[in-house]
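Each remark here refers to the structure printed beneath this line.
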Amino acid sequence: MRDTSAIPVPKPETLLDWYDRHARKMPWRVGPAERKAGVMPDPYRIWMSEVMLQQTTVAAVREYFLKFTDKWPRVSDLAAAADADVMAAWAGLGYYARARNLLKCARAVAADYDGVFPQTYADLLKLPGVGPYTAAAVASIAYDEPAVVVDGNVERVMSRVFNVLTPLPDAKPELTALAASLTPQDRPGDYAQAVMDLGATICTPRNPACGLCPWRDNCVARLQGTPAELPRKKPKKVKPKRRGIAYIARRVDGAYLLETRPESGLLGGMLGWPGSDWTESDPTPAPPIRAEWKTLNAEARHTFTHFHLSLTVLTALVPMERQPERGEFIPAEEFDPKSLPTVMRKAYDLTDSGRT
DNA sequence: CATGCGTGGCG
DNA sequence: TCGCCAAGCAT
């Protein structure tokens, strides 16, 4: 193996210089030039963006961020919102516990902190839906506290620069310590965003653009010729296949029979079609209302984090006076398929109404 | 502490 | 078509 002991440890200043020239523009971001001029970001908007960005791409977050901050410009506005409105606005973004915690957090800030976000890592960490990453990101970006920000980008950059061969998640403490060793006292917020920009645009999972990297002469994995092999990860489990039945009942006045799912668990708190459990064996029929159910030809296919789902969709037209055993009828003018989680919208899209 | 928890894009 | 992946958190 090549002797890498002579490779200099990377300097945060080098990355910050790169960030000054290449920072990506985002709706929630205060750019490096503005930031140097003394402009501070709105903690509410930083927190909102960070929660949305948890395990989610910038491209997907953009429109949701604009929608949320337009509807609810301040944390007090969000705190006063109805649960169903927030869940409906979040529909399609995934990981719905984030939306429930977002609202809980806004209400906690309004009630316990007089509508002003706490300003330290330690206090931020107490908020619902705010873990080590988000607390550090808000503390550093919104308040310039030199907190140690460790997300997937940072893990990837650190594992390559320092050639960490331990697979994740075991490597997490080591990578966190390495990240801490580089976190500067000066401009910690810009530095945190710089590492994430580097990971997103240069130090990418596949085909990293090492030639353009400001730390190219400090990266042990690059000097070894193996940056794309890092970080190593423990093998994942295979996703089982499950099946289920969804019942889409439309009343003659156009109202749809829907139900709000339980607060916890899969798609918790979201609106959905009544149906069977989703199981690996044959699903047990469970029609929510007496009707002449017709099975659609196509099935709705969807993959969740930990299983594949194939959903058989049944439809029926029911008379006004018929009472459902589960769920409630939502008037046609209040029904918007965009307020459904994606699997439920896919089922709707298979119906005659959904295709028109 | 391993597991549950979405979605869309990309190679 | 398919596995991997993206600014993680709660339990």
Side-chain angles (χ1 to χ4, degrees), chain A residues 24 26-29 45-65 87 90-102 104-105 124-142 147-157 168-170 172-173 176 179 189 191-201 203-208 228 231-242 261-270 272 278 300-309 338 340-346:
Chain A
R24 291 179 293 170
M26 296 170 194
W28 51 85
R29 177 176 280 181
R45 294 165 62 88
I46 298 301
W47 161 75
M48 171 87 65
S49 68
E50 291 302 343
V51 172
M52 289 183 170
L53 286 162
Q54 290 166 8
Q55 298 288 283
T56 309
T57 57
V58 169
V61 164
R62 214 174 228 111
E63 65 170 302
Y64 284 87
F65 176 82
M87 299 311 289
W90 195 277
L93 197 55
Y95 284 135
Y96 298 99
R98 293 184 297 171
R100 299 193 301 273
N101 285 329
L102 189 81
K104 266 191 213 163
C105 181
L124 287 161
L125 195 54
K126 299 172 186 168
L127 297 170
V130 175
Y133 164 74
T134 304
V138 174
S140 66
I141 297 170
V148 182
V149 176
V150 184
D151 73 331
N153 289 303
V154 177
E155 289 175 349
R156 186 168 59 255
V157 171
L168 284 168
D170 292 357
K172 180 93 176 176
T176 300
Y191 172 78
Q193 297 177 89
V195 187
M196 294 191 280
D197 274 18
L198 186 73
T201 65
C203 196
T204 51
R206 289 171 292 205
N207 305 317
R232 293 183 182 170
K233 297 187 178 180
K234 280 187 173 172
K236 320 196 165 176
K237 295 179 175 174
V238 295
K239 293 178 181 179
K241 298 183 196 311
R242 296 189 193 173
R261 299 172 60 85
E263 277 297 303
S264 64
L266 191 70
L267 307 179
M270 296 300 290
W278 298 341
R301 295 166 53 81
H302 190 75
T303 299
F304 291 95
T305 313
H306 52 295
F307 65 93
H308 301 284
L309 177 67
K338 288 192 296 298
L340 298 175
T342 297
V343 66
M344 301 297 175
R345 187 183 49 70
K346 282 182 179 175

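Only heavy atoms go into these numbers, but all of them, side chains included; no hydrogens, no water, no symmetry mates. Labels below follow one simple rule: chain letters A, B, ... track the order of the sequence lines, proteins then strands, and each chain is numbered from 1.
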Within the structure, does a side-chain N or O atom of A/Lys237 lie under 4.0 Å from either OP1 or OP2 of B/dT3? yes
Can you check whether any acceptor in the base of B/dG6 is under 3.5 Å from a donor in the side chain of A/Thr56, or vice versa? yes
Indicate, with a heavy-atom threshold strictly under 4.0 Å, whether A/Gly199 touches base, sugar-phosphate, or nothing. nothing
Under 3.5 Å donor-acceptor pair, A/Tyr95 side-chain atoms to B/dG6 base atoms: yes
Side chain of A/His308 only, please: which of C/dA6, C/dG3, C/dG8 is the nearest? C/dG3
Answer with base, sugar-phosphate or nothing: what part of the nucleic acid does A/Pro128 contact at a heavy-atom distance below 4.0 Å? sugar-phosphate
Mind checking if A/Leu93 touches a base, just sugar-phosphate, or nothing, with heavy atoms under 4.0 Å? base
Can you tell which of C/dA6, B/dC5, B/dG6 lies closest to the side chain of A/Arg156? C/dA6
So what does A/Val149 hit on the nucleic acid, given a heavy-atom distance under 4.0 Å: a base, only sugar-phosphate, or nothing? nothing
Can you check whether A/Gln55 has a side-chain N or O nearer than 4.0 Å to OP1 or OP2 of C/dG8? yes
Within the structure, does a side-chain N or O atom of A/His302 lie under 4.0 Å from either OP1 or OP2 of B/dT7? yes
Upstream residue (5' side of DNA chain B) when A/Thr303 and A/Lys234 are each assigned their closest nucleotide: A/Lys234
With DNA chain C as reference, determine whether A/Gly152 or A/Arg301 sits nearer its 5' end, using the nearest nucleotide of each. A/Arg301
Without swapping roles, check the side chain of A/Arg261 against the backbone of A/Gly272 for a donor-acceptor pair under 3.5 Å. no
Would you mind telling me which of C/dA10, C/dG8, C/dC5 lies closest to the side-chain atoms of A/Asp151? C/dG8
By the 4.0 Å heavy-atom rule, please label A/Met270 as base, sugar-phosphate, or nothing. nothing
So, using side-chain hydrogen bond (donor to acceptor under 3.5 Å, both in side chains) as the criterion, who are the partners of A/Thr134 when residues are at least two apart? A/Gln54
Does the gap between the ring centers of A/Phe304 and A/His302 come in under 6.0 Å? yes
Can you tell me if A/Lys241 has over 12 outside heavy atoms packed within less than 6.0 Å of its NZ? no
Of the options C/dC9, C/dG8, C/dA6, whose atoms approach the side-chain atoms of A/Pro132 most closely? C/dC9
Under 3.5 Å, which donor-acceptor pairs do the side chains of residues 192-201 of chain A form with other protein atoms, sequence neighbours left out?
from, atom 1, to, atom 2, distance (Å)
A/Gln193, OE1, A/Arg29, NE, 3.0
A/Gln193, NE2, A/Gly189, O, 3.3
A/Asp197, OD1, A/Arg24, NE, 3.1
A/Asp197, OD1, A/Arg24, NH2, 2.9
A/Asp197, OD1, A/Arg29, NH2, 3.0
A/Asp197, OD2, A/Arg24, N, 3.0
A/Asp197, OD2, A/Arg29, NH1, 2.8
A/Thr201, OG1, A/Asp197, O, 2.8

Candidates B/dG6, C/dG8, B/dG8 - which lies nearest the side chain of A/Arg345: B/dG8
Got a list of protein N/O to nucleotides 9-11 of chain B N/O distances below 3.5 Å?
none

P spacing across the pair B/dG8 / C/dC9, given as an integer number of angstrom: 22 Å
A/Arg301 backbone acceptor or donor facing A/Lys346 side chain under 3.5 Å: yes
